[in-house]
Amino acid sequence: MPELIEIEAYRRLAEEAALDREIVDVVAPDAWWLKGGLTAEILRDALLGRRFTAARRIGKRLLLPTDGDGPLLGLRFGMTGRLLVDGAAGVDQLQYSSNRDVAAWDRLAVRFAGGGDLRVRDPRRLGGAELDPDEARLGPDATTLGPAGLRRALHGSRAPLKARLMDQARISGLGNLLVDEALFQAGLDPAREAGSLADTELRRLHRAMRRTLGDLTARGGSHTGETGPARRPEGVCPRDGTPMVRRTIGGRTTWSCPRHQR
DNA sequence: ATTGTGGCCTGCCCGC
DNA sequence: TGCGGGCAGGCCACAA
């Protein structure tokens, strides 16, 4: 599914290929996909004649400001959304989603002068588009979060560590796979109380988070972690061979090693 | 305020 | 062979 790593790839694609092109048409056939009172007509009127001036990202949200006094287009991708510019995808493979090319799954198309477009293809319709989203509702981005920021995000919380790490209002960008991988690398039990981490554990988690983001970006996505193959029945810990444990934590399927994650 | 739960959505996979 | 149930999880509304 798209997490921070995939959205960053989308951002880069948009930055390289979708900026400074005049918008001549907007197609948004799925009312459900438009959030915050947005309609196809409002969106169209707001974007026609304008150009995207930048491609920013906060966590899993892609932000496309427009020129003049135009609005900012905010895009969420849910778990199956893909970004395409001129038909080229920002990410080749998306786990848990279909990679088939089905035009009926296009929830938004922004067409540019001279041909070509920016499109979001989202089979399960869990993403959405919004104008001028409230950015203050998002916590600091996981890629820029320092050890002190991580401590602040976890401090005093009695929620499970994993739930807190996935809370986009505290830290933005981490989803199910990235969090499981980072906790695996850090040797921490996802069910631990978030506020219970000692200083050494906090630093270990911070390092693991940074390393996980770097490694998985280099390897090609959130699904390429060391724990990937172990996320199945009969799966064993790639580090010590212990049978992996499957639980629901923070409402999400969670795989962890009962031996070295404590 | 904080934490937990259920539901949305639908393609895909497995078992019968 | 076709069918139906379960599964995947980001996000939000709502409850306690």
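First the proteins, then the strands, lettered A, B, ... as listed; each starts at 1.
If you take NZ of Lys35(A) and P of dG10(C), they are 16 Å apart, rounded to a whole angstrom. For the pair Leu177(A) CG and dC7(C) C1', the computed distance is 14 Å after rounding to whole Å. Between Asp106(A) atom CG and dT10(B) atom P the separation is 15 Å, expressed in whole Å. If you measure from atom NZ of Lys60(A) to atom C1' of dC11(C), you get 9 Å, rounded to the nearest angstrom. Across the protein-nucleic acid pair, Arg164(A) atom CZ and dA1(B) atom P stand 13 Å apart, rounded to whole Å. A straight line from CZ of Arg252(A) to P of dG6(B) spans 12 Å, rounded to a whole angstrom. Nucleotide dC11(C) holds its P atom 11 Å from the CG atom of Asp167(A), rounded to whole Å. Put simply, CZ on Arg82(A) is 17 Å from P on dG10(C), counting in whole angstrom units.
Closest to the side chain of Pro160(A), out of dG4(B), dA8(C), dG10(C), is dG4(B). Of the candidates dC12(C), dG11(B), dA8(C), the closest approach to any side-chain atom of Pro123(A) belongs to dG11(B).
Considering only side-chain N and O atoms, Ser157(A) lies under 4.0 angstrom from the phosphate OP1 or OP2 of dT3(B). Taking side-chain N and O atoms only, Arg170(A) has a distance below 4.0 Å to OP1 or OP2 of dT2(B). Within the structure, a side-chain polar atom (N or O) of Arg137(A) is placed less than 4.0 Å from OP1 or OP2 of dC12(C). A sub-4.0 Å separation between OP1 or OP2 of dG11(B) and a side-chain N or O of Trp105(A) is present. Phosphate proximity of dG11(B) to Arg124(A): absent, as no side-chain N or O sits under 4.0 Å from OP1 or OP2. For the pair Arg246(A) and dA8(C), the criterion of a side-chain N or O lying under 4.0 Å from OP1 or OP2 is met.
Within a 6.0 Å sphere centred on CZ of Arg152(A), heavy atoms belonging to other residues, nucleotides or ligands number 12 at most. Counted within 6.0 Å of CZ on Arg247(A), heavy atoms from surrounding residues, nucleotides or ligands total more than 12; the atom is thus considered enclosed. Counting heavy atoms of neighbouring residues, nucleotides and ligands inside a 6.0 Å radius, atom CZ of Arg151(A) does not exceed 12 of them.
Positionally, the nearest nucleotide of DNA chain B for Ala163(A) lies more toward the 5' end than for the other of Ala163(A) and Trp32(A).
Side-chain atoms of Lys60(A) and Ser172(A) form no donor-acceptor pair, as typed in the model, at a separation below 3.5 Å.
Each of Leu213(A) and Leu138(A) belongs to its own hydrophobic cluster when Ile, Leu, Val, Met, Phe, Trp and Tyr are linked at side-chain heavy-atom distances under 4.5 angstrom.
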